[in-house]
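Have a look at the structure below before the remarks.
Values in this document were obtained by computation on a predicted structure and should not be read as measured data.
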Amino acid sequence: MKHRISLLVLAAPLMLLIACGKNGASDAAENGDRVATVNGEIISKAEFDLYLDNVGRQSGRDVQEDQHSQLLDQYISMKLAAEAAEKAGITKDSKVANQIALARMNVIVDASLQKYIDEHPVADEELKPEYDAQVAAMPHEYHARHILVDEQSDAEAITRQLEGGADFEKLAAEKSKDSSGQSGGDLGWFTLETMVKPFADAVAALQPGQLTKQPVKSQFGWHIIKLEDSRVATPPAFDEVKDRVKMLLQRKKLQTYLEDLRKAAKIEKSI
């Protein structure tokens, strides 16, 4: 199933769109196979296929053929509910009318952005340079241990013991209030972005094998940190992520397009 590019997640119930597209659906029925008739109104194959496409996109899975009959019944129920709602004057309610207008705008924007991408496709020669740029920007990973205590004085005393040759892992098991103490304070491999800033800054300043000279304060307490090693994260092979790189470039093109629209527009905001 083809994945489309959307500015907004198209999550509005399809029944909101039925009122917007009745004429188009009827016209399509004249040129396509009908799959059902509801109160004299034809449901064309093209109309039903659009519904199946929406179901697939919202679920993130392809719709299987053996589901079509059940989904057609579901679609018929939705059309009947929409018809009853219109007869009851629901669409005249301002809130419902605004929701229909929003759903209509979502459909138009979705189609417009897809058209823009179709007319401005990502060239194959753009993929590798973007991949290389993403790889170059990949963050370092760090492997560290820490001992976490509540009091600064306790942290300073532990630091002196470690400087005197005490075993870090043993002290972590004895003194650390963090669950990592049971594994010698081992935090495994991580990136700095996943740690609180004082901790991350202290790790970034260390060389492998080094210990923080002064305890580090965070909202969790006082840390004594030892950096075991650091490395550049291993990137996936280009062929494995080529499609993702293409989607990234498509998003960048759309972002540039939208920014250009904003620059050309006169915008006044009150909030």
Side-chain angles (χ1 to χ4, degrees), residues 1-11 49-50 52-67 106 109-146 168-169 178-180 182-210 223 225-261:
M1 179 176 294
K2 182 179 180 182
H3 294 282
R4 298 175 64 82
I5 306 297
S6 297
L7 172 64
L8 304 173
V9 177
L10 212 55
D49 284 345
L50 177 62
L52 294 178
D53 183 58
N54 274 271
V55 171
R57 283 200 289 168
Q58 291 181 13
S59 67
R61 298 188 301 271
D62 289 344
V63 175
Q64 303 302 312
E65 190 171 351
D66 60 5
Q67 298 175 282
N106 282 346
V109 170
D110 182 55
S112 173
L113 295 184
Q114 185 62 47
K115 183 174 185 290
Y116 182 85
I117 285 297
D118 291 342
E119 293 176 349
H120 302 83
V122 174
D124 288 343
E125 54 267 27
E126 296 179 76
L127 299 179
K128 189 60 166 58
E130 180 65 26
Y131 168 81
D132 291 339
Q134 293 296 324
V135 169
M138 288 182 69
H140 272 67
E141 294 180 332
Y142 297 84
H143 179 202
R145 297 178 185 272
H146 82 143
F168 192 102
E169 296 181 34
D178 188 61
S179 59
S180 65
Q182 301 307 309
S183 56
D186 192 0
L187 296 172
W189 288 96
F190 57 87
T191 59
L192 297 181
E193 291 75 16
T194 62
M195 297 296 182
V196 293
K197 191 175 188 307
F199 189 98
D201 289 346
V203 168
L206 294 174
Q207 295 296 319
Q210 280 188 336
H223 306 261
I225 307 168
K226 179 184 178 184
L227 179 62
E228 297 286 355
D229 202 358
S230 66
R231 67 188 183 190
V232 177
T234 303
F238 172 66
D239 288 339
E240 293 178 8
V241 294
K242 188 162 55 175
D243 289 343
R244 288 163 54 191
V245 173
K246 183 175 182 179
M247 290 182 65
L248 175 62
L249 284 170
Q250 287 176 334
R251 286 198 296 268
K252 286 186 175 183
K253 284 178 180 286
L254 289 177
Q255 186 62 39
T256 300
Y257 169 64
L258 294 171
E259 288 173 359
D260 288 344
L261 289 179

Of Leu249, Leu254, Leu248, the one forming a side chain to side chain contact (heavy atoms under 4.5 Å, CB included) with Arg251 is Leu248
So, taking the atom named [atom1] in [X] and the one named [atom2] in [Y], what distance separates them when rounded to the nearest 0.5 Å?
X	Y	atom1	atom2	answer
Lys253	Glu119	NZ	CD	12.5 Å
Asp53	Asp49	CG	CG	8.5 Å
Asp229	Gln207	CG	CD	11.0 Å
His223	Phe199	NE2	CZ	6.5 Å

- prompt: Are the side chain of Arg145 and the backbone N or O of Gly184 linked by a donor-acceptor pair below 3.5 Å?
  reply: yes
Smallest heavy-atom separation, Lys226 atom then Gly209 atom, equals CE-O, 4.3 Å
All heavy atoms of Pro208 vs all of Glu228, minimum pair found to be CB-O, 3.6 Å
side-chain contact (heavy atoms from CB on, under 4.5 Å) filter on Gln255, not counting sequence neighbours, yields Glu259
May I have the list of side-chain donor-acceptor pairs in residues 120-130 shorter than 3.5 Å, sequence neighbours left out?
{"from": "His120", "atom 1": "ND1", "to": "Tyr116", "atom 2": "O", "distance (Å)": "2.9"}
{"from": "Glu126", "atom 1": "OE2", "to": "Ala123", "atom 2": "N", "distance (Å)": "2.7"}
{"from": "Lys128", "atom 1": "NZ", "to": "Asp132", "atom 2": "OD1", "distance (Å)": "2.9"}
{"from": "Lys128", "atom 1": "NZ", "to": "Asp132", "atom 2": "OD2", "distance (Å)": "3.3"}
{"from": "Glu130", "atom 1": "OE1", "to": "Lys252", "atom 2": "NZ", "distance (Å)": "3.3"}
{"from": "Glu130", "atom 1": "OE2", "to": "Gln134", "atom 2": "NE2", "distance (Å)": "2.9"}
{"from": "Glu130", "atom 1": "OE2", "to": "Lys252", "atom 2": "NZ", "distance (Å)": "2.8"}

Any heavy-atom pair between the side chains of [Y] and [X] that's under 4.5 Å?
X	Y	result
Tyr257	Leu113	yes
His143	Asp186	yes
Leu206	Tyr142	no
Asp178	His146	yes
Gln64	Asp62	yes

| said: Counting only heavy atoms from other residues, nucleotides and ligands, does the tally under 6.0 Å from CG of Asp201 exceed 12? | reply: yes
Hey, can you pull the donor-acceptor pairs under 3.5 Å for the side chains in residues 230-240, sequence neighbours left out?
{"from": "Arg231", "atom 1": "NE", "to": "Glu141", "atom 2": "OE1", "distance (Å)": "2.7"}
{"from": "Arg231", "atom 1": "NH2", "to": "Glu141", "atom 2": "OE1", "distance (Å)": "3.0"}

- Task: Classify the side-chain pair Asp118/Gln114 by whether it contains a donor and acceptor separated by less than 3.5 Å.
- Result: yes
